[in-house]
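Below is one structure; the comments refer to it alone.
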Amino acid sequence: MFCKFPAFFRLYRADVLLLSFLAFFAGRLLGNSDFSWIFVVQAVFIALFPYNFVYTLNSITDVVEDSANKPWRPLPSGVISRRDAVLWLIFLTLGSVFGTVILFESMEKFLVFFILIFGVFYSLPPFVLKKRGILACFVTGFGISYPMIVAGGKSFLPCSLSLLLHVLGVTALKDLSDTEGDALAGRKNRIGLGKTCVISAFFMIVSAAGFLLSPQKIAVILPLSSIILLLLNFFFAKKDFKEKIYGRIIFITGITAVAAVVMLKMAAGL
């Protein structure tokens with residue numbers, strides 16, 4: 001069982017692990033005047049347990065789609081069995097519950113528990129939000145930005161909502177390369193490449209306006225850098241646009257998010 005740990009973590013997504021950690025840590029760090037190591041512990045926990053639960057559950061219920069879109073993943077490739085994946089999911093569930101009780105207090109405890117409920121709604125009947133077309137992308141975007149909403153609290157809400165708008169623009173691009181698997185799963189309500197890019201750019205532009213109106217104006221570099229990258233790839237990298245654009249924008253978002261947090265903390269120290 002222990003030798004299968006690397007395969008178990010491949011049921012998760014590296015980009016979500018990174019973004020959920022950054023979103024929570026940034027919200028906690030920027031919403032407090034003093035640094036504490038508990039911020040790091042909480043951010044690592046959020047990324048490794050509740051969000052791992054959400055995406056592991058999704059991988060278990062997405063075997064049909066992954067067999068076409070990503071046949072190298074652990075379940076469709078047979079590296080691990082469905083039984084092993086379910087046992088891993090139970091471990092993540094228990095770890096999420098106990099970790100939340102220990103690491104969080106009062107209302108935050110319930111907000112973290114909502115991540116698990118959110119994962120159930122996303123993947124299991126009767127809701128199965130992941131099959132709701134473009135809504136599924138928006139639900140994913142909300143999930144990725146949610147850690148900052150939890151960690152930042154009311155005082156950080158304008159910046160958190162602006163981040164949500166930016167992430168909605170990014171996740172609108174997520175499924176551009178997964179057409180075959182989604183067709184097998186009965187997801188046929190696609191809106192096309194051009195409209196997807198327009199929707200993505202719209203949310204990023206509104207996000208930029210939101211950041212400019214918030215106290216954390218420097219964070220406008222997140223949507224601006226993504227818009228520039230989206231346009232450059234759309235006009236000059238059409239050949240592999242569908243396959244590469246989401247990963248490229250996730251990468252630039254990670255870099256600019258770290259840069260924004262550093263600059264905000266430096267400004268707060270002046």
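Position 1 is the first residue of the sequence; numbering continues from there. Only heavy atoms go into these numbers, but all of them, side chains included; no hydrogens, no water, no symmetry mates.
- A distance of 14.5 Å separates OH of Tyr55 from CG of Leu92, quoted to the nearest 0.5 Å.
- Electrostatic pairing of Asp62 and Lys130 counts as a salt bridge here, judged by a charged N lying under 4.0 Å from a carboxylate O.
- A chain of hydrophobic side-chain contacts below 4.5 Å, direct or via other Ile, Leu, Val, Met, Phe, Trp or Tyr residues, connects Leu124 to Val63.
- Note: Phe24 and Phe104 have perpendicular aromatic rings, judged against thresholds of 30 and 60 degrees for the angle between ring planes.
- The hydrophobic cluster containing Phe251 also includes Ile255, under a criterion of side-chain heavy atoms closer than 4.5 Å among ILVMFWY residues, counted directly or through chains of members.
- Sorted by first and then second residue, the side chain to side chain donor-acceptor pair (under 3.5 Å) pairs with a member in residues 16-28 read Arg28-Gln42, Arg28-Glu108; sequence neighbours excluded.
- Within the 4.5 Å cutoff, side-chain heavy atoms of Val40 are placed close to those of Phe25.
- Atom CG of residue Leu11 and atom OG1 of residue Thr56 lie 5.0 Å apart, to the nearest 0.5 angstrom.
- Cluster annotation: Leu94 and Phe113 are assigned to the same hydrophobic cluster (Ile/Leu/Val/Met/Phe/Trp/Tyr, side-chain heavy-atom contacts under 4.5 Å, transitive).
- Val97 places a side-chain heavy atom less than 4.5 Å from the side chain of Leu116.
- Here Lys217 pairs with nothing under the salt bridge (charged side-chain N to carboxylate O under 4.0 Å, His left out) rule; sequence neighbours left out.
- Residues Ser207 and Ser162 come closest through the heavy atom pair OG-O, 2.8 Å.
- Aromatic ring orientation, Phe142 versus Phe118: tilted (interplanar angle from 30° to 60°).
- Atom OG1 of Thr171 is separated from atom CD1 of Ile144 by 6.0 Å, given to the nearest 0.5 angstrom.
- In Phe110, the CZ atom is not crowded: 12 or fewer heavy atoms of neighbouring residues, nucleotides or ligands sit closer than 6.0 Å.
- Considering all non-hydrogen atoms of both residues, Ser77 and Pro71 come closest at CB-O, 3.4 Å.
- Ring-plane geometry between Phe9 and Trp88 is classed as perpendicular, the angle between the planes exceeding 60 degrees on a 0 to 90 degree scale with a lower cut at 30.
- The shortest heavy-atom contact between Ala26 and Val261 is CB-CG2, 3.5 Å.
- Heavy atoms only, all atoms of each residue included: Pro50 and Phe45 are closest at CD-O, 3.1 Å.
- Closest heavy-atom contact between Ser160 and Ile149: CB-CG1, 3.7 Å.
- Counting heavy atoms from C-beta on, the side chains of Phe53 and Val120 come closer than 4.5 Å.
- Hydrophobic cluster membership differs between Val198 and Leu168, with clusters built from Ile, Leu, Val, Met, Phe, Trp and Tyr side chains linked at under 4.5 angstrom.
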Below 3.5 Å, can you tabulate the donor-acceptor pairs from side chains in residues 218-238 to any protein atom, sequence neighbours excluded?
from	atom 1	to	atom 2	distance (Å)
Ser225	OG	Ile221	O	2.8
Ser225	OG	Leu222	O	2.9
Ser226	OG	Leu222	O	3.2
Asn233	OD1	Arg248	NH1	2.5
Asn233	ND2	Leu229	O	2.8

Ser145/His166 under side chain to side chain donor-acceptor pair (under 3.5 Å): CA gap, chis, key distance, verdict
CA-CA 9 Å; Ser145 57; His166 169 62; over 6 Å; no
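- At least one side-chain heavy atom of Phe241 sits under 4.5 Å from a side-chain heavy atom of Leu193.
- Between Ser123 and Val128 the shortest heavy-atom distance is O-CG1, 4.0 Å.
- Remark: Arg13 pairs with Asp15 by the salt bridge (charged side-chain N to carboxylate O under 4.0 Å, His left out) rule, at least two apart or across chains.
- For Leu111, the side-chain contact (heavy atoms from CB on, under 4.5 Å) criterion is met by Met107, Tyr146, Val150, not counting sequence neighbours.
- Going from atom CD1 of Ile115 over to atom OH of Tyr122 covers 15.5 Å, rounded to the nearest 0.5 Å.
- Put simply, the side chain of Lys70 does not reach to within 4.5 Å of the side chain of Pro76, judged on heavy atoms.
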